[in-house]
Number of protein chains: 2
Amino acid sequence: MRLLLVEDDRLLAEGLASQLEKAGFSVDITRTAKEAAILGEQEDYKAGVLDLGLPDGNGLDVLRKWRSSKAIFPVLILTARGDWQDKVNGLKAGADDYLAKPFQTEELIARLNAIMRRSEGRVHSSVKAGRFELDENRQCLKVDDGSEHSLTGTEFRLLRCLMGRPGHIFSKEQLMEQLYNLNESPNENIIEAYIRRLRKLVGPETIATRRGQGYLFNDAV
Amino acid sequence: MRLLLVEDDRLLAEGLASQLEKAGFSVDITRTAKEAAILGEQEDYKAGVLDLGLPDGNGLDVLRKWRSSKAIFPVLILTARGDWQDKVNGLKAGADDYLAKPFQTEELIARLNAIMRRSEGRVHSSVKAGRFELDENRQCLKVDDGSEHSLTGTEFRLLRCLMGRPGHIFSKEQLMEQLYNLNESPNENIIEAYIRRLRKLVGPETIATRRGQGYLFNDAV
DNA sequence: CACGAACCTGAACTCTTTCTGAAAATACCA
DNA sequence: TGGTATTTTCAGAAAGAGTTCAGGTTCGTG
């Protein structure tokens with residue numbers, strides 16, 4: 001679940017990123033409007049967090065640039081406390097939510113999850129597919145026989161990706177992009193290794209291989 | 001991942017091609033507008049890189065020709081530095097992105113990947129013929145009794161070619177061209193071998209042989 | 001009718017991709 | 001800091017896809 005954080009206060013940005021990563025995101029940070037515009041257009045993010053005060057330009061212009069290109073991921077903007085004008089302008093420019101500084105990271109995460117759910121057309125904070133259900137809050141997998149299994153961070157992110165679109169084939173490259181940010185890029189065999197672990201949980205049939213194409217979650221099992 | 005590179009500067013073209021091939025593309029190069037138009041319509045590329053200045057015509061006309069046919073692969077155009085008009089016209093003509101010369105190959109590759117991602121799922125295209133339907137996204141064959149069979153890469157490409165024009169006779173040479181780029185050229189018996197495999201899926205009557213001419217997909221069965 | 005060319009067929013072979021188990025590296029927590 | 005959980009790498013095994021081959025069959029033509 002890749003996320004773009006646009007924030008020029010380096011300290012704040014890195015603190016946030018570390019907490020967001022614990023919450024299952026893989027975060028790219030940028031400090032400038034210029035880079036933000038490019039990254040937003042080129043990379044495949046699931047959401048963006050945008051501070052409006054940037055050294056080299058206005059965050060709203062970045063947002064407009066995203067929206068006029070095909071970057072359609074949901075965006076949450078950070079505003080100074082009670083700056084109503086910013087809020088209104090932001091929503092006009094296509095933001096999905098806003099949050100006034102200072103804020104609790106928990107609230108940011110909750111709101112992010114909310115706008116991502118909405119943009120995917122989901123209502124609940126869980127993903128269901130076949131006999132399985134993924135609990136976003138507890139980061140665990142429930143089976144319809146009542147059993148439950150907790151997942152590590154990477155297991156969870158990979159499984160969420162696959163279960164989010166049952167039947168859709170995800171290439172290893174796509175999965176790598178969703179699991180890791182621009183800085184990290186481990187050996188692609190890592191996907192095979194995690195697929196194997198997940199299969200031990202959900203059964204070998206549930207995650208199918210399409211040789212040369214990728215993997216898919218089979219909800220018809 | 002086939003890619004068509006339209007560039008008249010032979011040196012630049014070959015340098016680019018070699019780097020693109022390292023990045024996982026299989027590249028066909030053409031230097032003329034005429035050939036570009038034909039290749040773009042007939043071959044199955046995943047993306048195109050189009051230089052606008054060609055010896056025998058304007059690159060934008062090539063792009064328009066592609067767009068008016070069924071060539072819907074994403075296209076990145078190369079323009080002279082800062083040529084604003086070219087950029088606008090290019091996007092109007094249906095380009096997906098542009099890049100000003102000179103450029104870093106890394107950036108070209110990044111942008112290519114970006115436009116290819118965006119264009120995925122642009123259309124959930126499927127080819128129907130007779131009792132069969134070919135799902136382009138999942139690379140599988142659906143029969144109208146509800147059954148479904150996933151195909152290997154080569155099976156899929158060959159079947160798509162035949163089903164794309166039911167009743168039309170494709171010579172073995174034509175099929176070879178569709179399946180392989182200009183560098184690879186296996187024994188022509190490979191077509192017979194794959195025709196046989198496909199017949200096991202769709203039934204022997206559905207793919208007919210015209211001795212001395214080629215094969216055709218029979219949608220009247 | 002006989003012959004050659006084109007096509008069919010099944011199996012074998014090669015090469016690439018994926019699987020697998022274990023070990024090494026790293027991050028995390030007390 | 002030491003111990004534990006997690007992530008990442010590695011290398012050999014297995015499986016699958018692509019390709020070739022050799023022999024059989026069918027077809028059209030002289």
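Chain naming here is simple, since letters A, B, ... match the order of the sequence lines and numbering starts at 1 in each.
- A straight line from CD of A/Glu21 to P of D/dT6 spans 17 Å, rounded to a whole angstrom.
- A close approach under 4.0 Å does not occur between any side-chain nitrogen or oxygen of B/Tyr194 and OP1 or OP2 of D/dT20.
- An OP1 or OP2 oxygen of C/dC7 is reached within less than 4.0 angstrom by a side-chain nitrogen or oxygen of B/Lys172.
- Using modelled atom types, one finds a donor on one side chain and an acceptor on the other under 3.5 Å when comparing B/Thr209 with B/Arg199.
- With salt bridges taken as basic N to acidic carboxylate O contacts below 4.0 Å, one links A/Arg67 and A/Asp96.
- Atom CG of A/Leu159 and atom C1' of D/dT6 are 17 Å apart (whole Å).
- Atom CD in B/Glu184 sits about 11 Å away from atom P in D/dG18, given to the nearest Å.
- At the phosphate of D/dT6, neither OP1 nor OP2 sits under 4.0 Å from any side-chain N or O atom of A/Thr154.
- Within 3.5 Å, no donor on the side chain of B/Asn189 pairs with an acceptor on the base of C/dC7, nor the reverse.
- In this structure, A/Glu192 atom CD and C/dT16 atom P are separated by 16 Å, rounded to whole Å.
- If you measure from atom CG of B/Leu151 to atom C1' of D/dG16, you get 15 Å, rounded to the nearest angstrom.
- The phosphate of C/dC8 has OP1 or OP2 within less than 4.0 Å of a side-chain N or O from B/Thr209.
- Distances were taken from every side-chain heavy atom of B/Ile190 (C-beta onward) to each of C/dC8, D/dA11, D/dT19; the shortest belongs to D/dT19.
- As rounded to whole Å, 19 Å separates atom P of C/dA5 from atom CD of B/Gln213.
- Neither OP1 nor OP2 of C/dC7 sits under 4.0 Å from any side-chain N or O of B/Arg210.
- Within 4.0 Å (heavy atoms only), B/Phe156 reaches no atom of the nucleic acid at all.
- For D/dT7, the OP1/OP2 oxygens have no side-chain nitrogen or oxygen of A/Tyr180 closer than 4.0 Å.
- Note: CD (B/Glu188) to C1' (C/dC8) measures 16 Å, nearest angstrom.
- You'll find the side chain of A/Leu112 reaches within 4.5 Å of the side chain of A/Leu20, heavy atoms only.
- Across all strands shown, B/Arg197 has heavy atoms under 4.0 Å from base atoms, whether or not it also approaches the sugar-phosphate.
- The base of D/dC21 is not paired with the side chain of B/Asn187 by any donor and acceptor separated by under 3.5 Å.
- When each of A/Ile195, A/Ile169, A/Val202, A/Leu216 is paired with A/Leu162, the side chain to side chain contact (heavy atoms under 4.5 Å, CB included) condition holds for A/Ile195 and for no other.
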Side chain to side chain contact (heavy atoms under 4.5 Å, CB included), that's the test. Do A/Arg210 and B/Gln139 meet it? Break it down for me. CA-CA 9 Å; A/Arg210 289 280 177 280; B/Gln139 197 170 307; over 6 Å; no
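- The nearest whole Å value for the distance from the CZ atom in B/Arg157 to the C1' atom in D/dT19 is 13 Å.
- Considering only side-chain N and O atoms, A/Arg211 lies nowhere under 4.0 angstrom from the phosphate OP1 or OP2 of C/dC19.
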